[in-house]
Amino acid sequence: MKLKRIIQIPISIFFLFSWCMALDSLPVDGQSLNYTQIFFRWPQIVGSDSYEITIHHNMDFSIYSSQNNSIILDDFSWGEEYSWEACGLDEFNNSIDCYAQHNFNINVLPLNYPGDVNVITYNEVLSSPGITILDYESLNFSAALNINGEAIWFADRTNFPLSKIIVTGFSKNGNFMGYGTFGYEFNLDSEIIFQTPHSVHHSIIKSNNETYFSIGGNQETHLCPEPQLCGDGDMIWKGDSFMEVDSQGEILWEWDTFDYISLDEYNSQWIGFPTSEQIDWTHSNSVFFDAESNIVYVSMRNLSRITAIDYTTKEIIWNLGDSDFMDEEFFTADFGFSHQHSAQITDEGNLLFFDNGRDNNPELSRCLEIEFNDNEDPELVWEYILPDSMLTLSRGECDRLLNGNTLISAGRTGNVIEVDDNDEIVWHLRAKIDNGLNVNIYRSERVPNLYPHAFSFEVNNLEGSYPNYSIEDNSVGLTIFNKGWSSQLFKFELFDNSNMLVASGEALIPSNNEEIFMIGPLNDGINTYTLNVFTDNRIDLQQSVIFEKNMMMGDLNEDYIVNILDILIMVNIIMGSLDDPGNADINDDNLINILDIVVLVNIILED
């Protein structure tokens with residue numbers, strides 16, 4: 001824990017800290033939730049050394065402890081109602097004060113939630129801890145499961161057009177990326193934060209620049225490439241457009257297959273599909289932007305090709321894949337993959353993707369990791385061949401985990417497995433619906449919990465009680481608690497009662513850490529101030545407090561010292577030579593007289 005001091009010019013401040021309880025306590029009173037892992041937060045109780053949170057359910061209750069004013073709990077059930085209250089405890093665990101109970105309920109799981117979801121293998125020592133976010137693609141929604149395969153969150157597909165939402169990733173700001181009709185960023189409550197202006201299929205990601213890369217379909221009319229298969233006339237070629245848009249939906253970058261790939265490069269297998277008048281030319285299924293190398297990687301399934309594109313020039317750096325569908329070969333080795341999915345770059349800079357193995361002999365589904373060296377052919381550095389029972393001719397993903405293991409989604413087979421660096425299965429989940437059919441699972445991701453961004457804060461020298469807070473010191477001591485699993489850039493802003501910014505600061509706080517700021521000196525001339533705390537990537541989750549800066553009792557000349565000079569000023573006030581600065585009536589009897597001098601003398605003697 002570090003201490004940071006924010007220095008500002010002297011300002012006048014008179015603070016009243018006030019929270020709107022409905023917004024600053026989570027979950028909000030009366031809220032309905034579609035998750036059982038819950039972040040609780042409540043306003044600070046002054047003088048608390050720790051807190052006690054009581055959860056009431058039916059006739060029972062459970063008590064939890066927290067060192068600060070927030071906690072993540074996951075001991076809840078679907079379709080149940082709960083109430084909760086937070087109490088502040090002193091250093092002897094005696095209750096100081098408690099907030100009134102808040103109520104919330106947890107929705108039931110969707111009616112089409114798969115009835116047979118089981119973890120078959122679980123090596124607690126070797127598997128990566130956390131929750132697994134995955135899509136039940138054939139059921140048109142996504143969910144998060146704990147390590148035992150129990151649902152802890154689901155996306156409410158009814159909030160999206162055509163009741164479809166397939167998660168493609170989980171952002172460190174706590175929002176999800178996904179697609180249905182369009183591409184979306186949406187929050188834990190399935191509220192849409194961003195929607196692309198164009199339709200999206202297969203993939204949407206969010207860059208570190210807060211932009212969105214996605215795949216949109218495109219089609220043009222061109223001659224049939226093989227008249228013996230489709231005649232001498234024109235047919236519809238179905239290609240793809242890869243787009244980057246900003247938060248306003250404005251296109252920043254676009255790469256269209258018709259502009260950069262020759263029509264001579266095609267796979268005749270897909271002539272006449274999905275209809276006799278069409279060719280499913282490229283059927284792209286992933287886009288990945290690597291900011292470090294400034295390269296966009298795209299996977300074109302029906303060409304069995306992965307392409308690296310220079311972001312700046314839009315020129316193709318290389319194509320990797322089946323040379324039968326290429327005019328120009330870039331490498332000697334093609335690694336024999338076919339109809340691949342989910343190409344991405346690892347932290348080591350290697351290419352990792354799922355090879356479906358369609359039409360190969362034998363047909364095998366694999367994970368491939370390929371290393372690229374300057375001026376040399378790429379090299380296969382890791383391969384995992386899935387069991388025959390997990391052969392999937394479409395969909396699939398290989399995702400590298402923090403502990404070096406790999407999480408593998410086996411597409412149409414309904415299996416998700418985690419393998420260690422010895423290729424041993426250390427975790428295995430299988431999902432089926434009630435009639436025994438497999439659930440399609442396109443992608444999966446392992447993260448610590450649902451809250452990479454959770455935080456709360458306390459003011460160390462706060463006085464009073466909610467909602468009437470005050471500060472008597474000449475500075476504000478602020479502690480920010482990063483309760484999330486992601487390092488976050490936290491910012492704070494201090495505004496006066498005329499909404500003028502008077503102090504600000506920021507700090508990158510590691511996960512599950514805290515940091516102290518000292519804001520000051522403050523000036524007594526302004527009454528009410530608001531302190532806002534937020535992260536740079538989730539301003540919508542800003543937390544605020546309003547407080548009153550009390551004038552120091554007896555400090556009549558505002559030099560932050562009570563001494564003989566203040567007695568002289570008091571005498572002049574009583575004699576009418578000087579005006580009352582606002583704090584001369586020290587004994588609060590609505591009179592300024594000799595009794596106030598007596599109190600002032602005692603203050604000086606006590607100091």
Side-chain angles (χ1 to χ4, degrees), residues 26 35 37-39 41 70 72 74 128-135 142-146 152-153 155 165-179 183-194 203-214 244-247 286-292 342 344-348 352 397 399-405 407 443-457 480-492 506-515 533-543:
L26 293 177
Y35 40 94
Q37 188 178 77
I38 304 173
F39 175 57
R41 190 189 71 221
S70 59
I72 298 172
D74 56 10
S128 179
I131 65 172
T132 303
I133 299 170
L134 48 75
D135 61 75
S142 302
L145 315 181
N146 65 19
I152 66 165
W153 169 82
I165 181 62
I166 307 301
V167 165
T168 59
F170 188 46
S171 173
K172 289 183 178 180
N173 68 5
N175 287 339
F176 300 88
M177 303 304 302
Y179 69 92
Y184 310 98
E185 179 178 358
F186 64 99
N187 65 18
L188 204 59
D189 297 302
S190 299
E191 297 169 335
I192 297 174
I193 306 301
F194 169 81
S203 182
I204 178 172
I205 62 171
K206 190 173 185 179
S207 74
N208 291 333
N209 299 323
E210 300 292 307
T211 62
Y212 303 87
F213 285 84
S214 63
E244 178 192 18
V245 300
D246 62 18
S247 60
S286 73
V287 56
F288 185 94
F289 176 59
D290 181 45
E292 184 173 346
S342 306
Q344 57 184 299
I345 300 299
T346 68
D347 290 342
E348 293 75 30
L352 180 67
E397 183 184 51
D399 199 38
R400 186 60 42 78
L401 303 180
L402 291 176
N403 66 351
N405 291 352
L407 191 67
R443 297 178 178 89
S444 59
E445 182 176 359
R446 180 73 53 79
V447 295
N449 58 46
L450 292 172
Y451 300 99
H453 63 292
F455 76 96
S456 63
F457 74 89
I480 300 176
F481 306 99
N482 183 0
K483 306 300 284 288
W485 50 262
S486 173
S487 296
Q488 299 280 345
L489 179 63
F490 286 90
K491 299 183 179 182
F492 70 83
E506 64 180 42
L508 183 66
I509 305 179
S511 61
N512 297 305
N513 271 268
E514 61 190 67
E515 190 144 356
V533 179
F534 54 93
T535 60
D536 68 325
N537 57 9
R538 284 299 298 274
I539 298 177
D540 60 306
L541 296 181
Q542 172 180 286
Q543 300 173 35

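Model, not experiment: these values are computed from the prediction.
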Let me confirm one number: the CD1-CZ distance from I509 to F481, rounded to the nearest 0.5 Å.
10.0 Å
Any residue meeting ring pair (Phe, Tyr, Trp, His ring centres under 6.0 Å) with F194, in chain and number order, not counting sequence neighbours:
Y212
Within the 4.5 Å heavy-atom criterion, are Q543 and R41 side-chain neighbours or not?
yes
Does any non-hydrogen side-chain atom of N537 lie less than 4.5 Å from one of E210?
yes
Under 3.5 Å, is there a donor-acceptor pair between the side chain of K206 and the main chain of E185?
no
With D540, which residues qualify under salt bridge (charged side-chain N to carboxylate O under 4.0 Å, His left out), at least two apart?
R538
Looking at T211 and E244, would you say the former's side chain and the latter's main chain have a donor-acceptor pair under 3.5 Å?
no
If you count every heavy atom of other residues, nucleotides or ligands that lies below 6.0 Å from K172 atom NZ, does the total exceed 12?
no
With sequence neighbours left out, write down each residue that passes salt bridge (charged side-chain N to carboxylate O under 4.0 Å, His left out) with E445, or none if nothing qualifies.
none
Under the rule for side chain to side chain contact (heavy atoms under 4.5 Å, CB included), what residues qualify as partners of E191, not counting sequence neighbours?
N187, D189
Do N173 and S171 have side-chain N/O donor and acceptor atoms under 3.5 Å apart?
yes
Sidechain-backbone polar pair: Y451 side chain, Q37 backbone, donor-acceptor under 3.5 Å:
yes
Quick one: list whatever passes ring pair (Phe, Tyr, Trp, His ring centres under 6.0 Å) with F186, sequence neighbours left out.
F160, F176
Is a donor on one side and an acceptor on the other found under 3.5 Å between the side chain of W485 and the backbone of V447?
no
Mind checking whether D135 and R443 have side chains closer than 4.5 Å, heavy atoms only?
yes
If we ignore angles and hydrogens, is there a donor and acceptor under 3.5 Å between the side chains of N482 and Q488?
no
With R446 via salt bridge (charged side-chain N to carboxylate O under 4.0 Å, His left out) - residues at least two apart
E418
